[in-house]
Amino acid sequence: MQSILRSKTLSRGLRSSQDLVSARRYATAAKDAYTFPIPKPFHLHRIPENEGPSLEVNATKEELKVAYQMMSRMRRMEMTADQLYKQKLIRGFCHLNSGQEAVAVGMESAITKEDHVITSYRCHGFALARGNTVHSILAELMGRRTGATQGKGGSMHIFAPNFYGGNGIVGAQVPVGTGIAFTQKYNNSGQVTFTLYGDGAANQGQVFESFNMAKLWDLPCVYVCENNRYGMGTSASRASASSSYYTRGDYIPGILVNGMDYFSVREACRFARDWCRAGKGPLVLEMNTYRYGGHSMSDPGTTYRTREEIQHMRSTSDPISGLRALLTEKDIFSEQELKGWDKDAKAEVDKAVQQAKNDPFPDPEKDLVTDIYVPGTYDAPIRGRTPFVSYKSS
């Protein structure tokens with residue numbers, strides 16, 4: 001089987017997610033490319049076996065470096081968010097994605113910045129991959145004015161260009177993503193929308209309504225179910241009569257993907273993007289992944305699963321450790337280089353924390369009534385009231 005190389009034009013340093021994306025160009029293996037087998041075969045639904053994603057992929061040394069650095073930064077950022085929450089510097093809801101880094105990084109490596117992404121409340125990693133800085137994300141979690149949404153959104157509402165959050169209502173982002181894909185088809189833009197949701201949202205009626213509309217109009221929408229095995233504290237097998245989520249689109253083709261492997265995710269997303277751009281309509285990807293922590297910071301994550309299960313997943317399937325092992329086994333990078341990048345990630349996150357701690361909170365009198373309407377589109381008092389004017393009954 002001939003491998004496909006997605007070559008990359010890499011133009012910035014560690015702190016910008018642009019490294020993950022380049023012009024969409026494919027070629028056979030180049031001199032600086034390395035070949036990797038897909039560790040677990042893809043399971044296909046309504047796609048002939050000989051027409052599915054490649055079982056062998058190529059990647060350049062620079063791409064591998066950037067992918068490892070991005071996953072290391074995500075993990076360190078989420079570990080730090082955990083600590084900040086326990087120190088009460090982060091309040092409210094906070095859902096961490098430690099263990100699921102390969103999904104965000106592999107996806108971003110396969111698409112362009114012109115493509116669109118929308119996800120659920122477990123959004124920090126995607127926000128980083130889509131272009132936010134570590135500082136802007138942590139500052140947002142800490143409610144600071146320098147945050148990605150100026151301290152108004154918090155953990156569940158972080159945005160970036162062509163990244164629509166961060167949505168707090170379970171499953172509500174799925175019809176929104178479908179609408180974005182409708183716009184792309186209407187405008188004949190050639191772009192694709194990746195709409196993510198969890199296994200806990202997979203039984204929602206709005207998901208199936210979205211499937212119907214997307215297939216009816218052959219929208220360029222890739223539905224991505226991040227199956228981390230537990231919807232809050234309920235296992236997928238207890239919540240779903242069928243937990244083969246990649247087949248749940250019925251008339252929509254689907255693929256089961258090893259979501260703990262960077263190369264599997266990248267190849268599946270590359271395939272899905274090409275599928276939609278070819279006018280074949282929507283596709284469902286099920287990313288089989290795992291979260292190490294609880295559903296949110298209020299959930300210890302050990303009342304419905306054992307510590308042994310978590311440790312087993314960490315020791316056998318960790319996406320960062322898995323990529324690290326491949327990079328050293330093939331002598332692409334040394335252990336010293338990888339440790340150096342881990343130290344760089346820690347230094348970047350530590351600096352971002354100190355900066356965010358010194359950043360101001362939003363000003364209630366200036367910031368409370370801003371960002372409600374698009375500037376220049378509405379001149380009347382906010383929602384029929386003049387801000388900060390008291391109205392007393394006579």
Side-chain angles (χ1 to χ4, degrees), residues 40 42-46 93-100 102-104 118-123 125-126 155-156 165-178 194-215 221-260 265 268 282-314 317 319:
K40 294 182 181 179
F42 299 105
H43 291 197
L44 307 178
H45 170 66
R46 290 186 177 269
F93 294 104
C94 186
H95 306 80
L96 306 180
N97 77 328
S98 294
Q100 301 183 204
V103 178
I118 185 169
T119 188
S120 66
Y121 37 76
R122 203 177 304 279
C123 66
F126 292 97
S155 171
M156 300 190 292
N167 291 268
I169 305 300
V170 175
Q173 72 277 6
V174 178
V176 177
T178 305
F194 283 74
T195 301
L196 294 102
Y197 58 98
D199 54 285
N203 297 319
Q204 295 238 339
Q206 57 190 334
V207 173
F208 293 95
E209 292 178 48
S210 298
F211 284 172
N212 181 63
M213 294 173 69
K215 184 58 181 175
C221 191
V222 181
Y223 295 99
V224 184
C225 177
E226 286 188 279
N227 178 9
N228 60 23
R229 305 190 187 186
Y230 298 94
M232 296 188 71
T234 305
S235 66
S237 61
R238 293 180 58 218
S240 299
S242 170
S243 56
S244 296
Y245 298 107
Y246 70 105
T247 69
R248 298 277 290 273
D250 187 15
Y251 36 76
I252 299 177
I255 306 173
L256 176 64
V257 184
N258 177 11
M260 302 298 278
V265 175
L283 197 68
V284 177
L285 301 180
E286 178 186 345
M287 299 291 178
N288 211 337
T289 185
Y290 196 83
R291 57 169 163 81
Y292 296 150
H295 169 73
S296 68
M297 287 301 298
S298 61
D299 169 25
T302 54
T303 57
Y304 48 87
R305 57 183 181 174
T306 64
R307 296 183 186 275
E308 289 74 20
E309 176 186 311
I310 301 170
Q311 183 56 41
H312 175 74
M313 291 300 297
R314 280 184 177 273
S317 303

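From a predicted model like this one, the values you see are computed outputs, not experimental measurements. All values below come from the heavy atoms of this structure, side chains included, with hydrogens, waters and symmetry mates left out.
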Could I get the full list of ring pair (Phe, Tyr, Trp, His ring centres under 6.0 Å) partners for His295, not counting sequence neighbours? His95, Tyr121
Test ring pair (Phe, Tyr, Trp, His ring centres under 6.0 Å) applied to Phe194 - qualifying residues, sequence neighbours left out: none
The side-chain contact (heavy atoms from CB on, under 4.5 Å) partners of Met297 (sequence neighbours excluded) come to Asp82, Tyr85, Lys86, Cys94, Leu96
Please name all residues satisfying side chain to side chain donor-acceptor pair (under 3.5 Å) with Ser237, sequence neighbours left out, ordered by chain then number. Ser235
Mind checking side-chain contact (heavy atoms from CB on, under 4.5 Å) for Ser298 and listing every partner two or more places apart, or none if nothing turns up? Ser296
Can you name the residues that form a side-chain contact (heavy atoms from CB on, under 4.5 Å) with Val265, not counting sequence neighbours? Val257, Cys269, Met287
Who passes side chain to side chain donor-acceptor pair (under 3.5 Å) against Arg248, sequence neighbours left out? Asn203
Among pairs that include at least one residue of residues 195-215, which meet salt bridge (charged side-chain N to carboxylate O under 4.0 Å, His left out), considering only residues two or more places apart or in two chains? Lys215-Asp218
Ser120: partners by side chain to side chain donor-acceptor pair (under 3.5 Å), with sequence neighbours left out: none
Please name all residues satisfying side chain to side chain donor-acceptor pair (under 3.5 Å) with Arg305, sequence neighbours left out, ordered by chain then number. Tyr290
If a pair satisfies ring pair (Phe, Tyr, Trp, His ring centres under 6.0 Å) and one of its residues is in residues 239-260, list it, with sequence neighbours excluded. none
Please enumerate all residues that pass ring pair (Phe, Tyr, Trp, His ring centres under 6.0 Å) together with Phe211, with sequence neighbours excluded. Phe208, Tyr223
Correct closest heavy-atom pair for Asn227 and Ser243 would be ND2-O, 4.4 Å
